[in-house]
There are 2 protein chains.
Amino acid sequence: MSDATDHAAHVQTVPARRRRPTMRDVAQRADVSLKTVSRVVNDEPGVSTALAVRVRRAIDELGFHPHAGARLLRTDGRTSAIALLLEDVANPFSAAVQRAVENEARERGVVVFSASIDEDPARERALAREFGARRVDGLLLAPAGDDQSYLADELPSGTAVVCVDREANGIAVDSVITTNALGAAEGVRHLAAAGHRRIAFLGDRRSIRTADQRYAGYRDAIASLGLPLDPGLVVHDLRESADADGAVTALLARPDPPTALFTAQNLITIGAVRALRRLGAEWSVALVGFDDVLLADLLSPGITVVAQDPAAIGRTAANLLFARIAGDTSPPGVRLVPTTLIRRGSGEIQSG
Amino acid sequence: MSDATDHAAHVQTVPARRRRPTMRDVAQRADVSLKTVSRVVNDEPGVSTALAVRVRRAIDELGFHPHAGARLLRTDGRTSAIALLLEDVANPFSAAVQRAVENEARERGVVVFSASIDEDPARERALAREFGARRVDGLLLAPAGDDQSYLADELPSGTAVVCVDREANGIAVDSVITTNALGAAEGVRHLAAAGHRRIAFLGDRRSIRTADQRYAGYRDAIASLGLPLDPGLVVHDLRESADADGAVTALLARPDPPTALFTAQNLITIGAVRALRRLGAEWSVALVGFDDVLLADLLSPGITVVAQDPAAIGRTAANLLFARIAGDTSPPGVRLVPTTLIRRGSGEIQSG
DNA sequence: CTGTTAGCGCTTTCAA
DNA sequence: TTGAAAGCGCTAACAG
């Protein structure tokens with residue numbers, strides 16, 4: 001054996017970068033045509049057992065893996081992928097929605113891209129574009145911005161869209177949302193029924209549609225109860241737990257403090273409970289929170305909440321989206337998912 | 001105008017299905033070459049302003065959107081996508097890991113596919129194959145099965161893999177895991193330090209690696225403390241909160257009940273707390289849980305936990321994965337993320 | 001600065 | 001039952 005041969009052998013067995021095997025490589029190795037390999041890979045009929053066996057052996061020996069992207073290019077079919085853009089996948093509400101969506105997608109052999117928008121409209125738009133370019137079959141979106149008309153520009157025509165948790169604006173697509181105003185009003189009336197007349201509202205940024213709707217529910221309830229709307233008892237723009245804690249502390253330090261609190265979001269509820277605890281007021285100041293919280297039943301008092309149904313929201317939205325993808329062209333609308341008042345103690349504390 | 005012409009015009013304006021515009025369409029409309037369009041779309045230099053303007057106008061008029069899949073086929077580069085396979089995206093631990101991974105991915109312009117395995121090894125494998133075919137650059141996996149050697153078959157060569165939360169078996173890849181045994185032992189010793197000698201263990205299925213490691217930590221601690229290991233105080237196979245509730249109820253009904261509980265998972269902890277409450281034993285039976293729980297500090301007593309750091313786990317794993325994708329070939333290993341004992345009351349209840 | 005040609009990995013005619 | 005050729009939408013490599 002010559003040095004040259006030896007060297008050549010070495011070069012062949014240790015290539016700088018190994019190209020991934022393609023169907024063509026498989027075809028060559030099995031000594032069949034490209035089309036035959038394609039038929040075997042896709043379980044199409046019309047291949048003799050002998051050839052099929054040879055092809056499968058070649059596939060294993062080479063470590064061949066089909067390339068879904070290349071396939072898509074030719075078939076121009078669906079990608080069997082949808083994108084899910086939520087506020088923050090780590091928030092229990094979003095996480096529950098995501099899980100419900102995944103369940104529906106899984107049944108249909110569809111995979112889910114997910115991402116958090118973090119209340120950033122620019123990011124919302126960039127993500128829509130990103131996933132549009134990847135040709136997802138559909139987009140499930142919890143809008144952060146106040147105008148989704150950009151979707152018409154950013155998404156390839158034919159990409160289905162359904163909004164979750166918050167209504168879309170500026171574009172005609174289905175939305176699946178909680179009865180925010182109704183639920184909030186129910187919570188406030190529940191407090192009033194316990195004799196409270198000074199009921200504070202603690203909410204997130206009003207630019208968030210759900211926050212604003214819940215505030216509207218609060219106002220409606222206050223008005224229909226014939227109570228005065230005291231601006232001093234209304235606090236918006238609470239972005240995290242600690243903000244709510246501070247706001248409650250300030251409210252209760254007033255000369256005319258509220259006797260009851262309506263907290264319009266899960267993290268706000270938690271912050272408020274912390275403040276009440278620190279002030280030793282958890283048994284004297286009533287509280288109803290919007291959106292349920294894990295362990296809320298084990299606190300003393302238990303936290304009375306207006307519970308949302310994130311699983312139903314996710315399930316409904318996913319089903320709507322898949323119907324659109326399948327060709328449903330009925331006029332889009334808003335699906336409302338009702339809330340449930342869960343009495344656990346904090347909301348039943350009487351005014352006194 | 002003839003009928004024929006008329007008919008032809010009609011057919012053209014109302015096509016059965018409109019083809020999405022491609023670069024070629026844009027090129028034709030702007031009266032430039034395909035390559036020029038490509039340059040404009042990719043912001044490559046070397047295009048006169050005049051042409052660029054024309055091209056961009058054509059893009060808008062036609063509603064053209066680049067096709068990421070087709071691009072990939074030609075460049076054979078990265079897809080800038082990774083897959084994240086977790087136990088259940090709705091579990092707070094998994095959700096926190098997912099969020100941390102997304103943060104790292106976002107910085108690099110990488111999108112995340114996510115899916116829940118639900119402790120089903122067959123599903124784990126099917127998902128790996130699915131995402132492999134979609135040519136993700138890398139895979140972040142919390143293994144459910146006890147053998148991941150299948151990955152070598154299911155994944156195209158060159159796909160990076162890092163395991164999160166649970167160690168990989170049968171394949172040499174990086175893993176990022178909590179110090180489960182150490183953390184569990186610390187929790188048990190903490191209970192012993194409060195005078196407890198009958199400390200029960202409540203855990204998930206032992207087939208889950210983390211559950212088994214935590215049990216090992218329990219045994220180690222019991223042994224090193226010179227306490228007897230009473231099999232009657234050890235309960236495995238608790239799959240949900242309600243199971244734990246039942247197990248605690250049974251344990252405390254024994255003639256020689258435990259004076260302290262070590263609950264080895266977040267949902268188990270919650271179930272145990274519920275049982276203690278119902279039995280009015282929350283102040284007499286001590287409890288330390290593994291993995292932190294939201295609101296644990298607001299309960300009475302607060303729940304003492306051995307907290308994990310899911311954010312650190314997700315961040316570390318993602319960084320490791322991206323390093324591999326970038327070409328790091330150093331020998332894979334196990335990264336341990338430490339736990340923190342958080343004293344809140346339930347774990348400090350003295351034996352009496 | 002601009003365009004032409006070839007081909008990524010696969011499926012779809014259509015022919016043998 | 002099998003295969004050859006064409007082309008999906010795009011970019012790389014080279015011209016002009």
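A, B, ... follow the sequence lines: proteins, then strands. Residue 1 opens every chain.
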Atom pair distance, as rounded to whole Å: CZ in B:R20 and C1' in D:dC10: 16 Å

B:T36 vs C:dG3: side-chain N/O to OP1/OP2 distance below 4.0 Å: yes

A:L73 CG - D:dA6 P separation (whole Å): 18 Å

Length of the line joining A:D43:CG and C:dT11:P, which is rounded to integer Å: 12 Å

Any side-chain donor near an acceptor of the partner, A:S330 and A:D328, under 3.5 Å: yes

Nearest-nucleotide pick for A:S48, side chain only, options being C:dC10, D:dT1, C:dT4: D:dT1

Under 3.5 Å donor-acceptor, B:R54 side chain and B:D31 backbone: yes

For atom CD1 of B:I59 and atom P of D:dG9, their distance in whole Å: 16 Å

Separation of atom CZ in A:R54 from atom C1' in D:dT2, rounded to whole Å: 11 Å

Whole angstrom value for the distance that separates P of C:dG3 from CD of B:Q28: 14 Å

Interatomic distance, A:R78 CZ vs D:dC8 P [rounded to whole Å]: 19 Å

Pairwise 5' ranking along DNA chain C for B:L51 and A:F64, keeping only the more 5' one: B:L51

Nearest-0.5 Å distance, CG of residue A:L140 to CG of residue A:L86: 7.5 Å

List every contact pair, protein side and nucleotides 11-15 of chain D side both N or O, where the distance is under 3.5 Å.
{"from": "D:dT11", "atom 1": "OP1", "to": "B:N42", "atom 2": "OD1", "distance (Å)": "3.3"}
{"from": "D:dT11", "atom 1": "OP1", "to": "B:N42", "atom 2": "ND2", "distance (Å)": "3.0"}
{"from": "D:dT11", "atom 1": "OP1", "to": "B:R71", "atom 2": "NE", "distance (Å)": "3.0"}
{"from": "D:dT11", "atom 1": "OP2", "to": "B:S38", "atom 2": "OG", "distance (Å)": "3.0"}
{"from": "D:dT11", "atom 1": "OP2", "to": "B:N42", "atom 2": "ND2", "distance (Å)": "3.4"}
{"from": "D:dT11", "atom 1": "O2", "to": "B:R74", "atom 2": "NH1", "distance (Å)": "2.9"}
{"from": "D:dA12", "atom 1": "N7", "to": "B:K35", "atom 2": "NZ", "distance (Å)": "3.4"}

Whole angstrom value for the distance that separates C1' of C:dT2 from CG of B:D31: 12 Å

Phosphate OP1/OP2 of C:dC8: any A:R24 side-chain N/O under 4.0 Å: yes

Contacts of B:F64 that satisfy ring pair (Phe, Tyr, Trp, His ring centres under 6.0 Å) - sequence neighbours left out: none

A:R129 CZ to A:L151 CG distance, which is reported to the nearest 0.5 Å: 11.5 Å

Modelled atom types, side-chain donor and acceptor of A:D137 and A:T79, under 3.5 Å: yes

Derivation and outcome, salt bridge (charged side-chain N to carboxylate O under 4.0 Å, His left out), residues A:E119 and A:R166: CA-CA 12 Å; A:E119 299 298 355; A:R166 305 172 184 182; 2.8 Å; yes

